[in-house]
Amino acid sequence: MLADASRLHIAIQKSGRLSELSRALLRDAGFRIQSGKNELTARVENFPADLMLVRDDDIPTFVADGVCELGIVGGNVLREFELGESEARCEIIAQLGFGRCTLKLAAPETAPWKGIESLKGARIATSYPHIVQHFLDERQIAATVVKMSGAVELAPRLQIAPFICDLVSTGATLDANGLRALETVFESEAVLIQAGAPIAAAKQEQVANLLRRIDGVTATKESKYIMLNAPGEALAAISALLPGAEAPTILPLHQRPGHFAVHAVCQESVFWETLQKLKANGASAILVLPIEKMMM
Ligand code: ATP
Ligand code: ZN
């Protein structure tokens, strides 16, 4: 299929850890993705956009070269790409809050480790050679970075390198291979990117519209709507306790002079401890409700 000039092209991972999460984000933002047999693209039925289904490593290149206006990719893959370029060619326009993982330096549990100095003159196997080299350069450590495209966790056992630098989320893969994490090199989550070069004027409004909807979804995921009752003298303390809430709405309660209802959108997680603190400060009838949609 030839790219249609009037439609946006959004690169997402074809199959892997980010593919279903990327589709879910777009679905939550109200985009109906056609599930066709086409292997390379998927049409969005209710918005002028097509998804390009590609390997995650290709996404920054596609976006930087203008083949796709937007892409969803791991921050780690973007960073690796950027460090290999002479200038920034992609721009992050939203942090997406999923696909969280950490690039960690690791070694066999039995290997001696006296801190970062232990890397001097050593070999480090990784799929992220630019990120690792940059990490070493910043600390003025001379070591040899060995690029592997997969199965990095096997490098110590295969005597390719005593150290590895690999993505970790739960740490289960490290454990299973008798490795322990030593240092955090890069914290990552999925990001929405666009090219550093300006997008065609005709498509700018579409990009802005899509971005607004995606921002709405990411904001909503963490956010809660809180309602509670409180006496007038407790309002200041209670307002200060509401996590990430700006200017709560305060309404007088019917036939209860000096008592008020407080309504607020909390843009951070609301924990049981928060509710206990609110109660201890005079709040009662506390309700925490999910928010389905939000546009700021
Ligand atoms: P592709 O076939 O598209 O090249 P891949 O094998 O390189 O896929 P995946 O393993 O599917 O990539 O991971 C995609 C992204 O998911 C990673 O780049 C990273 O941003 C994110 N991710 C989240 N948790 C983890 C994890 N525990 N291990 C690896 N990647 C993770
Ligand atoms: Zn990949």
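Every side-chain contact (heavy atoms from CB on, under 4.5 Å) that Arg100 has, sequence neighbours left out, goes to Glu189. Considering only residues two or more places apart in sequence or on other chains, Thr102 meets the side-chain contact (heavy atoms from CB on, under 4.5 Å) condition with Lys104, Thr184, Glu187. Annotation: side-chain hydrogen bond (donor to acceptor under 3.5 Å, both in side chains) contacts of Arg27 (sequence neighbours excluded): Glu20. Residues passing the side-chain contact (heavy atoms from CB on, under 4.5 Å) test with Glu69 are Leu8, His9, Ile199, Lys203, sequence neighbours excluded. For Asn177, the side-chain hydrogen bond (donor to acceptor under 3.5 Å, both in side chains) criterion is met by Arg157, not counting sequence neighbours. By the side-chain hydrogen bond (donor to acceptor under 3.5 Å, both in side chains) test, Glu45 pairs with Arg32, sequence neighbours left out. Partners of Gln133 by side-chain hydrogen bond (donor to acceptor under 3.5 Å, both in side chains), not counting sequence neighbours, listed by chain and number: Asp137.
Side-chain heavy-atom separations under 4.5 angstrom define the hydrophobic clusters, and the remaining members of the one that includes Ile160 are Val146, Met148, Val152, Leu154, Leu158, Ile164, Val168, Leu174, Leu179. Listed by chain and number, the hydrophobic cluster partners of Leu251 come to none, as no ILVMFWY side chain reaches under 4.5 Å of it.
The stretch residues 73-85 participates, sequence neighbours left out, in these side chain to side chain donor-acceptor pair (under 3.5 Å) pairs: Asn76-Tyr128, Asn76-Ser188, Arg79-His134, Glu80-His130, Glu85-Arg89. Every pair passing side chain to side chain donor-acceptor pair (under 3.5 Å) that includes a residue from residues 106-118 is listed here, sequence neighbours excluded: Glu117-Lys120. For the side chain to side chain donor-acceptor pair (under 3.5 Å) condition, the pairs that include at least one residue of residues 224-240, sequence neighbours left out, are Tyr225-His263.
Between Ile291 and Met294, some side-chain heavy-atom pair lies under the 4.5 Å cut-off.
With a 6.0 Å radius and a threshold of 12 heavy atoms from other residues, nucleotides or ligands, Glu138 has its CD atom above the threshold.
Note on Met227: it does not cluster hydrophobically with Ile250, by side-chain heavy-atom contacts below 4.5 Å among ILVMFWY residues.
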